[in-house]
Each structure stands twice: as C-alpha cells, then as structure tokens.
Amino acid sequence: MTIEREEYTSPVSASLNKRVSIRHFTGEAIPDEMLRAILNSARRTSTSSNMQAYSLVVVRNPETKKQLAVLAGNQKHIETSAVFIAICADIHRLEIAADMHGKTIAKNLENFLVSSVDAALLGQSVLAVAESFGLGGVMIGGMRNHPKEAAELLGFPKGVYIVFGMSLGFPDEAKRSPQKPRLPEELIIHYEQYDTSDPTEKLRQHDAELAEHYRSQGRGLDDAAWTGVIANRFSTIRRPEMRSVLEELGFNFD
Ligand SMILES: Cc1cc2nc3c(=O)[nH]c(=O)nc-3n(C[C@H](O)[C@H](O)[C@H](O)COP(=O)(O)O)c2cc1C
C-alpha cells in the first residue's frame with residue numbers, strides 16, 4: 001500500500017510546517033502555568049549522557065529586557081516580547097557534582113560543544129512547544145555580541161554562558177511575515193552519501209526566490225539575496241574575541 005505524502009502529518013510537523021520567527025507581539029502576558037508547561041516539556045529533550053548541561057533564565061522584568069535588547073544590538077523585540085529566555089550552556093552544576101566526590105571537571109572543547117549542543121536542543125524544544133501553544137518567538141544569537149555583560153546582568157556563575165536568547169509572546173498576527181523560503185531540499189538532505197555535485201545553479205535559483213520574498217515584503221535586497229549575504233557577512237571573522245571571553249566565563253578549548 002502506498003501512503004500519500006499528505007498523510008504524514010502530526011501536530012508536531014503541522015506546527016513546524018507553518019512556523020516563522022515572530023518579532024511583533026500583542027503585549028498580552030504568557031500565563032505562568034503555560035510557560036512552566038512549555039519549559040518542562042522542553043526539559044524532556046534528549047541530553048548528552050544525561051548531563052543536562054544547560055540552564056534557562058526567564059526574564060520578565062521590563063528594565064532587564066531593555067538592557068538585554070541593547071546588548072543584543074538594539075533588538076526591540078526583546079523589549080516588546082512577553083518573556084525573554086536566556087538559553088545557557090551550563091557546566092557550573094557539573095563542577096559542583098564532581099566536587100561532591102572530590103573531583104574536578106576536566107574542561108576542554110568537548111564539554112564546551114556538549115553543553116552548547118545540549119542548550120541549543122533545549123532551546124529549539126522551548127520554541128517548538130511554545131509555537132504549538134499558539135505563541136511565537138525568535139531566537140536571539142545577538143546575545144553573543146556581549147556575552148560577559150549578559151552574564152553579569154543575569155548573574156551567571158562561572159561555567160555558564162548564553163548560547164542564544166529567545167523572545168516569546170503572543171504573535172501580532174497583522175505583522176506576521178510570510179514564511180521565508182528554505183534552500184532546496186536536495187541541497188540539504190543527502191541519502192546514503194553526501195552529494196558533492198555543484199550546487200551553484202540551485203543556489204542562484206534560491207537567490208532569486210529569496211529576493212522575490214524580500215521584495216514582496218518591501219525589502220529591496222539585491223538579487224544575490226542568500227549567497228550575497230553569506231559572502232558579505234561571513235568573509236570577515238565575526239566576534240573575534242569570543243574565545244577569550246568564553247575562557248573568562250569558565251570554558252576551555254584545548
Ligand atoms: C541560533 C539563532 C540565532 C538567531 N538570532 C537572531 C537574532 O539575533 N535576531 C533575529 O531577529 N533573529 C535571529 N534568529 C532568527 C533567524 O534569523 C531566522 O530563524 C531565520 O532567518 C529563518 O527565518 P524563520 O525562522 O522565520 O524561518 C536566530 C535564529 C537562530 C537559530
């Protein structure tokens with residue numbers, strides 16, 4: 001029996017299939033119990049070696065959100081969201097656990113990666129569950145513009161850094177953007193072996209599709225809407241001080 005592709009839908013896939021990042025909110029508060037339900041579902045996410053090397057800091061205080069918005073490069077949606085959540089990699093708790101047994105955590109690139117991956121997976125679950133409840137939000141990588149200041153503002157102990165933030169709230173539907181086209185499926189999903197054939201033509205087509213999307217939004221990016229942005233943004237080192245700042249915050253990269 002062949003099953004039609006349309007039959008493969010579930011509440012999770014339906015919610016993901018219609019999602020976009022939300023940067024405009026109604027101003028309505030998120031009920032405490034709804035937020036706790038979201039965060040506790042997200043905490044069921046897989047975690048490397050059951051380490052749970054992450055923490056979430058929920059911020060509702062308008063003054064703190066204002067300061068966080070400035071740290072992230074004046075991202076207004078941090079202020080206007082109902083809640084800001086700092087998604088943090090956290091090896092501080094592991095150090096305490098080790099200390100309880102007279103040991104210290106051997107820190108290197110691996111536990112930096114493990115805690116960052118753990119935190120990212122948790123963060124994606126928070127957003128996915130929030131979206132399934134009809135909330136919207138956007139992740140805020142801009143929080144890594146000033147990781148030390150963010151750590152001070154939110155009172156992190158050593159061994160905690162903010163991987164990204166998240167603004168959550170009820171979406172202002174009048175300002176919901178249409179979905180941004182993704183790269184073609186065949187450039188992302190490979191079967192059995194990586195397909196190394198030249199993607200240039202498909203990237204050009206994607207440039208055109210994305211440029212059309214931006215034009216429909218009144219945003220006049222040039223025709224190289226994806227490749228041009230990647231080339232410009234990532235041809236210089238971004239956040240060159242990141243390694244030394246993270247070392248100050250208690251991580252190690254050996
Ligand atoms: C780790 C991460 C960091 C992000 N940081 C920001 C940010 O600082 N500001 C922002 O407006 N959007 C941010 N975004 C949202 C992306 O720009 C957005 O997901 C992407 O453009 C695709 O759009 P979509 O989510 O609407 O499909 C971030 C997304 C991720 C996954």
Side-chain angles (χ1 to χ4, degrees), residues 12-25 42 45 54 56-57 59 65-89 112-113 115-132 134-147 149-150 153-154 161-185 187-188 203 206-207 209-219 221 224-234 238-239 242 246:
V12 176
S13 69
S15 183
L16 277 171
N17 284 340
K18 66 174 199 228
R19 75 160 298 281
V20 288
S21 289
I22 296 290
R23 298 179 180 83
H24 299 279
F25 303 97
T45 301
Y54 41 57
L56 300 172
V57 182
V59 179
K65 282 197 290 170
K66 205 177 207 168
Q67 293 181 49
L68 289 164
V70 173
L71 289 179
N74 295 316
Q75 298 203 39
K76 266 278 167 213
H77 36 266
I78 298 179
E79 272 185 81
T80 57
S81 62
V83 159
F84 172 87
I85 304 173
I87 315 286
C88 307
F112 167 74
L113 270 180
S115 57
S116 302
V117 170
D118 255 25
L121 295 174
L122 175 67
Q124 168 53 27
S125 290
V126 170
L127 187 57
V129 182
E131 288 168 343
S132 76
L135 296 173
V138 59
M139 294 177 179
I140 312 285
M143 288 319 308
R144 291 194 312 278
N145 289 351
H146 299 284
E149 290 78 357
L153 182 61
L154 300 178
Y161 90 96
I162 183 163
V163 182
F164 53 88
M166 189 181 300
S167 292
L168 280 185
F170 286 94
D172 178 347
E173 293 300 342
K175 293 188 176 154
R176 180 187 285 270
S177 310
Q179 280 190 313
K180 213 179 267 181
R182 288 287 194 257
L183 287 164
E185 175 180 338
L187 290 190
I188 303 292
L203 291 179
H206 183 66
D207 274 345
E209 195 188 357
L210 191 59
E212 189 47 47
H213 164 84
Y214 286 131
R215 271 194 288 273
S216 76
Q217 305 250 281
R219 287 176 60 188
L221 269 183
W226 192 81
T227 56
V229 168
I230 297 295
N232 288 331
R233 192 176 289 178
F234 298 102
R238 304 186 79 206
R239 302 177 179 133
M242 189 55 80
L246 288 176

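By convention here, the first residue in the shown sequence is residue 1. Indexing begins at 1, ligand by ligand and atom by atom, following the structure's order.
- Here the protein heavy atom with the shortest distance to atom 23 (O) of ligand 1 is K180 NZ, 3.6 Å.
- Checked by atom type and distance alone, the side chain of Q179 pairs as donor or acceptor with a backbone atom of N17 at under 3.5 Å.
- Ranked by closest heavy atom to atom 17 (O) of ligand 1, the top entry among R23, M166, Q179 is R23.
- Residue-ligand proximity, V20 to ligand 1, at heavy-atom distances under 4.0 Å covers atoms 26 (O).
- At a heavy-atom cutoff of 4.0 Å, ligand 1 is contacted by the side chain of R182 but not by its backbone.
- Using a 4.0 Å cut-off between heavy atoms, I140 contacts ligand 1 through both its backbone and its side chain.
- For the side chain to side chain contact (heavy atoms under 4.5 Å, CB included) test, residues two or more places apart in sequence or in another chain that qualify with T227 are L203, D207, A224.
- Side-chain contact between R233 and R238: present, with at least one pair of heavy atoms (C-beta onward) separated by less than 4.5 Å.
- The closest protein non-hydrogen atom to atom 5 (N) of ligand 1 is G141 N, 2.7 Å.
- In terms of heavy-atom proximity, I87 sits nearest to A119 at CG2-O, 3.1 Å.
- Under a 4.0 Å criterion applied to the non-hydrogen atoms of R19, ligand 1 contributes the atoms 24 (P), 25 (O), 27 (O).
- Proximity of I78 to M143: side-chain heavy atoms (C-beta onward) are separated by under 4.5 Å at one or more points.
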Could you list the donor-acceptor pairs under 3.5 angstrom formed between side-chain atoms of residues 161-172 and any protein atom two or more places apart in sequence or on another chain?
residue	atom	partner	partner atom	Å
Y161	OH	S116	OG	2.8
D172	OD1	A174	N	3.2

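- Close approach of ligand 1 to H77 is summarised as follows: ligand atoms under 4.0 Å from at least one heavy atom of the residue are 11 (O).
- In terms of modelled atom types and a separation under 3.5 Å, the side chain of K65 and the main chain of S81 share a donor-acceptor contact.
- Of all the atoms in ligand 1, the ones that sit under 4.0 Å from a non-hydrogen atom of G142 are 8 (O).
- Against a heavy-atom cut-off of under 4.0 Å, S21 is close to the following atoms of ligand 1: 15 (C), 18 (C), 19 (O), 24 (P), 25 (O), 26 (O).
- Counting heavy atoms from C-beta on, the side chains of Y214 and K180 come closer than 4.5 Å.
- For ligand 1 and Q75, the ligand atoms under 4.0 Å from any heavy atom of the residue are 7 (C), 8 (O), 9 (N), 10 (C), 11 (O).
- Contacts of M139 with ligand 1, taken as heavy-atom pairs under 4.0 Å, involve both backbone and side chain.
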